[in-house]
*Asks:* 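Encoded as structure tokens, here's the structure I'll be asking about.
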Protein chains: 2
Amino acid sequence: MTSRTIKVLLAEDQSMVREALAALLGLEDDIEVVAQVARGDEVLTAARDHDVDVALLDIEMPGATGIEAAAQVHKELPTIKLVVLTTFGRPGYLRSAMEAGADAFLVKDAPAAQLAEAVRKVLAGERVIDPTLAAAALADGANPLTDREREVLRAAADGSTNAELAAALHLSQGTVRNYLSTAIQKLAVRNRAEAVRIAREKGWL
Amino acid sequence: MTSRTIKVLLAEDQSMVREALAALLGLEDDIEVVAQVARGDEVLTAARDHDVDVALLDIEMPGATGIEAAAQVHKELPTIKLVVLTTFGRPGYLRSAMEAGADAFLVKDAPAAQLAEAVRKVLAGERVIDPTLAAAALADGANPLTDREREVLRAAADGSTNAELAAALHLSQGTVRNYLSTAIQKLAVRNRAEAVRIAREKGWL
DNA sequence: ACTGCCGGATGACAGATGTCATACGTCGAC
DNA sequence: GTCGACGTATGACATCTGTCATCCGGCAGT
């Protein structure tokens with residue numbers, strides 16, 4: 001397997017970016033993009049159908065996030081190496097990606113050369129992560145929110161009122177307020193809007 | 001000028017995406033990327049220094065938005081054709097881009113082939129806009145918010161409290177609430193969080 | 001000169017939100 | 001088998017937010 005080309009699956013929802021990344025990887029002699037998908041929930045089947053060495057997964061995708069897709073592939077096809085790619089350098093994303101079995105974590109504002117580099121490195125068994133981001137992830141610690149707090153906060157993110165949240169989540173209004181209150185305190189902020197913002201920034205939402 | 005290659009300036013903050021787009025355009029025989037910048041406020045000088053035919057501008061950039069950059073270039077170097085590229089198909093963005101003198105407006109989830117197409121078309125004097133988005137822009141009408149309302153809403157977007165907004169904008173708390181109240185009514189929503197969300201979606205923020 | 005809109009402000013009021021104490025059942029850890 | 005964490009709920013309370021009426025000065029249009 002020394003001289004075979006590396007077969008890459010590319011998952012990214014924005015066509016223009018996806019095809020541009022494919023063009024970029026296509027410039028490398030030892031890399032071949034054998035499949036492209038635009039949705040997280042198409043990654044697993046594409047991976048099964050195409051004898052893939054490395055899957056390159058964007059996080060923000062419809063259907064399923066790249067992290068969810070990574071977890072699926074890691075479970076079913078553990079020999080496939082996983083590179084997670086994202087616009088947002090959120091510490092919590094890095095943590096979840098690693099827990100999902102990712103071998104590399106790249107942010108899109110890193111130099112393009114790192115992409116092909118990462119593909120080669122993960123195939124050689126190395127792990128590739130941004131040291132700055134790794135430090136931030138460790139400094140932040142784990143997500144302090146419970147499942148329910150996170151759900152409520154996520155639902156509250158669009159500006160829904162307590163009554164709407166209660167109805168949507170089958171909870172009492174008081175309970176909704178309790179969850180939001182504890183989330184607000186855990187994140188050390190003053191209202192739900194700030195809580196949403198901070199949780200998003202950290203990648204905890 | 002029939003057979004000369006088209007000289008393109010590429011402005012996009014995410015290195016990986018920028019270089020990938022450059023690779024994509026580089027595959028076209030008649031197109032050459034002669035300059036790349038990562039900030040909106042570097043577009044004008046780069047355009048002056050490089051004898052550019054077409055500038056390809058992402059909207060979301062540090063320093064200045066692609067729309068602001070487009071306006072600057074349109075004013076100083078009106079012969080340069082302007083293609084505005086964005087992740088978000090927000091009707092208000094299209095409107096502002098057109099007002100800034102843009103010749104084409106593309107969203108990043110359009111097929112990659114449209115990029116080179118658009119470059120050629122604008123150079124031929126055509127305008128390129130997504131018809132769906134154009135319809136949405138016309139249906140939405142113009143931004144109904146006044147300058148002040150927009151400023152206050154933008155400042156409120158991070159979850160700041162009325163007191164903080166008042167201090168930051170040198171207004172009384174009551175005035176802040178009045179502006180937010182009128183914004184909320186104009187956008188036909190129920191609270192500031194929804195107002196922020198809707199204004200963002202429309203590209204009015 | 002008048003009208004209307006904008007920026008700015010006040011005060012009063014109703015309703016939404018955030019806090020706190022308290023309670024109960026379930027479940028996993030020790 | 002007890003303890004702690006979690007999910008869920010209630011009631012009371014203080015504060016924040018959103019609405020409304022009303023006011024003022026400036027400035028653009030007619």
Side-chain angles (χ1 to χ4, degrees), chain A residues 92 95-96 99 140-205, chain B residues 92 95-96 99 140-205:
Chain A
R95 183 179 293 263
S96 326
E99 284 167 6
D140 280 349
N143 188 338
L145 303 176
T146 69
D147 284 358
R148 247 6 205 156
E149 284 160 4
R150 212 170 49 247
E151 279 177 62
V152 176
L153 195 55
R154 203 184 305 133
D158 67 354
S160 295
T161 167
N162 282 334
E164 291 166 343
L165 294 174
L169 300 169
H170 308 293
L171 291 173
S172 88
Q173 266 192 61
T175 305
V176 169
R177 289 196 293 175
N178 287 151
Y179 284 143
L180 287 173
S181 183
T182 59
I184 287 166
Q185 286 172 85
K186 285 179 177 177
L187 299 175
V189 294
R190 268 188 289 305
N191 54 50
R192 62 183 69 191
E194 271 193 335
V196 167
R197 185 171 59 85
I198 296 297
R200 276 225 183 94
E201 275 174 21
K202 303 271 193 187
W204 288 340
L205 210 57
Chain B
R95 184 179 291 265
S96 324
E99 285 167 6
D140 280 350
N143 188 337
L145 303 176
T146 68
D147 285 358
R148 253 355 210 164
E149 285 160 4
R150 213 170 48 248
E151 278 178 62
V152 175
L153 195 55
R154 203 184 306 134
D158 66 355
S160 296
T161 166
N162 282 333
E164 291 166 344
L165 294 173
L169 300 168
H170 308 294
L171 291 173
S172 89
Q173 265 191 60
T175 304
V176 168
R177 287 197 290 171
N178 288 337
Y179 284 142
L180 286 174
S181 182
T182 59
I184 287 165
Q185 286 172 85
K186 285 179 178 178
L187 300 175
V189 294
R190 268 190 289 305
N191 55 50
R192 61 184 68 192
E194 273 192 334
V196 166
R197 186 172 59 87
I198 297 297
R200 275 224 182 96
E201 274 174 21
K202 303 270 193 187
W204 287 341
L205 210 57

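In what follows, chains are A, B, ... by sequence order, proteins preceding strands, each numbered from 1.
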*Asks:* Measure from CG on B:N191 to P on D:dT17 and round the result to the nearest Å.
*Replies:*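 Whole-Å distance recorded here is 11 Å.
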*Asks:* Can a side chain N or O of B:T146 be found less than 4.0 Å away from OP1 or OP2 on C:dC6?
*Replies:*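 Answer is no, no contact under 4.0 Å.
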*Asks:* Do any side-chain nitrogens or oxygens of B:T175 fall under 4.0 Å of OP1 or OP2 in C:dT10?
*Replies:*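 No, outside the criterion.
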*Asks:* With the threshold set at 4.0 Å, does a side-chain nitrogen-carboxylate oxygen contact exist between A:E151 and A:R154?
*Replies:*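 Salt bridge: no.
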*Asks:* Counting heavy atoms from C-beta on, name the nucleotide in D:dG18, D:dT19, C:dG7 closest to the side chain of B:Q185.
*Replies:*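 For B:Q185, the side-chain atoms sit closest to D:dT19.
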*Asks:* What nucleotide, of D:dC16, C:dG8, C:dA16, holds the atom closest to the side chain of B:Y179?
*Replies:*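 Taking heavy atoms from C-beta onward, the closest nucleotide is C:dG8.
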*Asks:* Tell me whether the side-chain N or O atoms of B:N178 pair up with the base of D:dC20 as donor and acceptor below 3.5 Å, since no angle test is needed here.
*Replies:*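 Yes, a donor-acceptor pair under 3.5 Å.
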*Asks:* Tell me: CG of A:L180 to P of D:dG7, nearest whole Å?
*Replies:*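 Checked: the CG to P distance equals 13 Å.
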*Asks:* Hey, does the side chain of A:R192 come within less than 4.0 Å of C:dG18's phosphate (OP1/OP2), counting only N and O?
*Replies:*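 A:R192 to C:dG18 OP1/OP2: side-chain N or O found under 4.0 Å.
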*Asks:* In whole angstrom, what separates B:E164's CD from D:dT15's C1'?
*Replies:*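 Distance, rounded to whole Å: 14 Å.
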*Asks:* How many whole angstroms separate atom CG of B:N143 from atom C1' of C:dC6?
*Replies:*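 Spelled out: CG on B:N143 to C1' on C:dC6 is 15 Å.
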*Asks:* Using whole Å, report how far CG of A:L165 lies from P of D:dT8.
*Replies:*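 Computing the A:L165:CG to D:dT8:P distance gives 14 Å.
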*Asks:* Between A:R190 and B:H170, which is nearer to the 5' end of DNA chain C once each is assigned its nearest nucleotide?
*Replies:*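 The residue closer to the strand's 5' end, by nearest nucleotide, is B:H170.
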*Asks:* Looking only at side-chain N and O atoms, does A:S172 come under 4.0 Å of OP1 or OP2 in D:dT10?
*Replies:*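 Result: yes.
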*Asks:* State which of D:dA9, D:dC6, D:dC16 makes the closest approach to the side chain of B:T161.
*Replies:*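 The answer is D:dC16.
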*Asks:* From the list D:dT10, C:dT17, D:dG18, which nucleotide is the closest neighbour of the side chain of A:N162?
*Replies:*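 Nearest to the side-chain atoms of A:N162, counting from C-beta on, is C:dT17.
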*Asks:* Let's go through A:N178 and A:R148 carefully: what are the C-alpha distance in whole Å and the side-chain angles of both, what is the deciding distance for side chain to side chain donor-acceptor pair (under 3.5 Å) to 0.1 Å, and is it a yes or a no?
*Replies:* CA-CA 11 Å; A:N178 287 151; A:R148 247 6 205 156; over 6 Å; no
*Asks:* Does the side-chain contact (heavy atoms from CB on, under 4.5 Å) test come out yes or no for A:K202 and A:I198, once each step is laid out?
*Replies:* CA-CA 6 Å; A:K202 303 271 193 187; A:I198 296 297; 4.2 Å; yes
*Asks:* Find the distance between NE2 (B:H170) and CG (B:L165) and round it off to the nearest 0.5 Å.
*Replies:*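 With rounding to 0.5 Å, NE2 (B:H170) is 12.5 Å from CG (B:L165).
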*Asks:* What integer distance in Å separates A:L169:CG from D:dT8:P?
*Replies:*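 Nearest whole value for this atom pair: 9 Å.
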*Asks:* Using the closest heavy atom to pick a nucleotide of DNA chain D for each, name whichever of A:K186 or A:Q173 lands nearer the 5' end.
*Replies:*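 Residue closer to the 5' terminus by nearest nucleotide: A:K186.
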*Asks:* Within a 6.0 Å radius of atom CZ on B:R190, are there more than 12 heavy atoms belonging to other residues, nucleotides or ligands?
*Replies:*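 Count not over threshold, so no.
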*Asks:* Please classify the nucleic acid contact of A:R148 as base, sugar-phosphate, or nothing, using heavy-atom distances under 4.0 Å.
*Replies:*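 Result for A:R148 = sugar-phosphate.
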*Asks:* Decide yes or no on side-chain contact (heavy atoms from CB on, under 4.5 Å) for A:V152 and A:E149, but give the supporting numbers first.
*Replies:* CA-CA 5 Å; A:V152 176; A:E149 284 160 4; over 6 Å; no
*Asks:* Nearest heavy atom decides the nucleotide; on that basis, is A:A193 or B:L171 closer to the 5' end of DNA chain C?
*Replies:*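 Its nucleotide being nearer the 5' end, the pick is B:L171.
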*Asks:* Would you mind reading off the distance between A:E151 atom CD and D:dT8 atom P, rounded to a whole angstrom?
*Replies:*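 After rounding, the gap between these two atoms is 8 Å.
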*Asks:* Rounded to whole angstroms, how far apart are CZ on A:R177 and P on D:dT15?
*Replies:*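 About 15 Å, once rounded to whole Å.
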